Amino acid sequence: MNPPPHDPPGRRPGGRTARIRAQVLDAVRTELGEHGFEGLTMEAVAARAGVHRTTVYRRWQDIGGLLADVLDAAGEDDWAPPDTGSLRGDLTALNEEIHDSLAVRPSIPQALVAASFRSSRAAEAQQRLWEDRYTRCEAIVERAASRGELPPHTAARPLLIAATAPLYHHLVLLRTAPDPHLAAQAAATAALAATAGAFTRPAPGEEP
């Protein structure tokens with residue numbers, strides 16, 4: 001079994017190792033955006049990053065390792081969900097971020113989603129990133145519940161999926177043209193359903 005394409009948990013590379021990693025991952029994003037998964041090669045990444053290809057092979061082993069590390073690196077940031085003071089405002093702002101990342105060309109998030117269907121290592125890393133982002137976004141639902149905007153025991157994950165899924169459906173699956181109203185419309189629909197109790201779950205010990 002190949003070793004993991006990133007350092008063990010709790011250890012982050014420093015100095016020259018960190019610089020090389022940053023250069024290589026930037027190169028992967030650029031190559032993926034310009035040429036897609038089919039055109040992504042270890043040699044092209046090494047050339048664009050300005051490092052020897054043996055360095056890339058030794059650290060990441062293959063394309064799947066590179067893609068997995070790009071996705072894992074995204075989970076190392078300090079991103080936090082928007083805090084506008086209202087549920088609808090938070091969901092709209094979140095959707096606007098997603099919309100902009102998917103609508104720009106080339107769209108690195110779109111390319112990584114597509115690549116995850118071709119690489120098992122990238123698929124596993126994509127799943128880790130989704131889990132990380134949904135966990136962070138639970139704060140939106142928790143804040144709304146504390147303000148009294150949502151019924152008690154509103155399930156965060158189903159609400160967040162309902163709010164954000166239309167963007168991926170339109171922009172990634174259907175590949176429709178960017179719609180400046182889509183983010184707000186999807187947020188409003190999900191927020192309305194949530195306030196009506198569509199995503200409530202029984203409290204622990206209660207009958208469903």
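Not measured: the values here are computed from a predicted model.
Note on Y57 and L25: same hydrophobic cluster, where clusters join Ile, Leu, Val, Met, Phe, Trp and Tyr whose side-chain heavy atoms are under 4.5 Å apart, directly or indirectly. L71 and V113 are not part of a single hydrophobic cluster, where members link through side-chain heavy atoms under 4.5 Å apart. In the hydrophobic clustering of ILVMFWY residues, with side-chain heavy atoms under 4.5 Å counting as a link, L91 and L102 come out together. L112 and W130 fall into different hydrophobic clusters, where Ile, Leu, Val, Met, Phe, Trp and Tyr residues are linked whenever their side-chain heavy atoms come under 4.5 Å apart, directly or through other members. W79 and I108 fall into different hydrophobic clusters, where Ile, Leu, Val, Met, Phe, Trp and Tyr are joined by side-chain heavy atoms under 4.5 Å apart, directly or via other members.
Of all non-hydrogen atoms in I98 and S101, the two that sit nearest each other are O-OG, 2.8 Å. Listed here is the closest heavy atom pair of Q126 and S116: CB-CB, 4.1 Å.
At a threshold of 4.0 Å, the pair R88-E149 does not count as salt-bridged, since none of the basic side-chain nitrogens sits closer than that to a carboxylate oxygen. Looking at D69 and R121, no side-chain N of the basic residue comes within less than 4.0 Å of a carboxylate O on the acidic one, giving no salt bridge.
Under a cut-off of 6.0 angstrom, the local environment of CZ in R118 is sparse, with at most 12 non-hydrogen atoms contributed by other residues, nucleotides or ligands. No more than 12 heavy atoms of other residues, nucleotides or ligands sit less than 6.0 Å from atom CZ of R53.
For the pair V70 and L67, the minimum side-chain heavy-atom distance is 4.5 Å or more. By the 4.5 Å heavy-atom criterion applied to side chains, W60 and R21 are counted as neighbours. Side-chain contact between I63 and M42: present, with at least one pair of heavy atoms (C-beta onward) separated by less than 4.5 Å.
Between the side chain of Q23 and the backbone N or O of A49 there is at least one donor-acceptor pair closer than 3.5 Å. With hydrogens and angles ignored, the 3.5 Å screen pairs a side-chain donor or acceptor of T84 with a backbone N or O of D90.
Here the CZ atom belonging to R59 is positioned 14.0 Å from the OG1 atom belonging to T54, to the nearest 0.5 angstrom. Taking CG of L129 as the start and CD of E76 as the end, the distance is 10.5 Å to the nearest 0.5 Å. Taken to the nearest 0.5 Å, the OG1 atom of T135 stands 5.0 Å off from the CD atom of E138. Within the model, atoms CD1 of I161 and SG of C137 stand 11.5 Å from one another, a figure rounded to the nearest 0.5 Å. With values rounded to the nearest 0.5 angstrom, T92 atom OG1 is found 9.0 Å from L87 atom CG. Here the straight-line distance linking atom OH of Y134 with atom CD1 of I140 works out to 11.0 Å at 0.5 Å rounding.
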Pair D132-R128, salt bridge (charged side-chain N to carboxylate O under 4.0 Å, His left out): steps then yes or no: CA-CA 6 Å; D132 171 78; R128 290 193 294 271; over 6 Å; no

Decide yes or no on salt bridge (charged side-chain N to carboxylate O under 4.0 Å, His left out) for D78 and R136, but give the supporting numbers first. CA-CA 10 Å; D78 58 358; R136 297 192 202 192; over 6 Å; no

List the steps, then state whether side chain to side chain contact (heavy atoms under 4.5 Å, CB included) holds for V56 with L66. CA-CA 9 Å; V56 179; L66 285 170; 4.1 Å; yes

Under 3.5 Å, sequence neighbours excluded: what are the donor-acceptor pairs made by side chains of residues 163-176?
{"residue": "T164", "atom": "OG1", "partner": "L160", "partner atom": "O", "Å": "2.9"}
{"residue": "T176", "atom": "OG1", "partner": "H170", "partner atom": "O", "Å": "2.9"}

Cut-off 3.5 Å, no hydrogens considered: what does the side-chain donor-acceptor table look like for residues 183-200, sequence neighbours left out?
{"residue": "T189", "atom": "OG1", "partner": "Q185", "partner atom": "O", "Å": "3.0"}
{"residue": "T195", "atom": "OG1", "partner": "A191", "partner atom": "O", "Å": "3.2"}
{"residue": "T195", "atom": "OG1", "partner": "L192", "partner atom": "O", "Å": "2.9"}
{"residue": "T200", "atom": "OG1", "partner": "G197", "partner atom": "O", "Å": "3.0"}

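Residue pairs meeting the salt bridge (charged side-chain N to carboxylate O under 4.0 Å, His left out) criterion with at least one member in residues 94-116, sequence neighbours excluded, do not occur. Counting only residues at least two apart or in different chains, salt bridge (charged side-chain N to carboxylate O under 4.0 Å, His left out) contacts with residues 152-164 comprise E131-R157.
Residues satisfying the side chain to side chain contact (heavy atoms under 4.5 Å, CB included) criterion with A103, sequence neighbours excluded, are H99, P178. Shown here are the side chain to side chain donor-acceptor pair (under 3.5 Å) partners of D26, two or more places apart in sequence or in another chain: R29.
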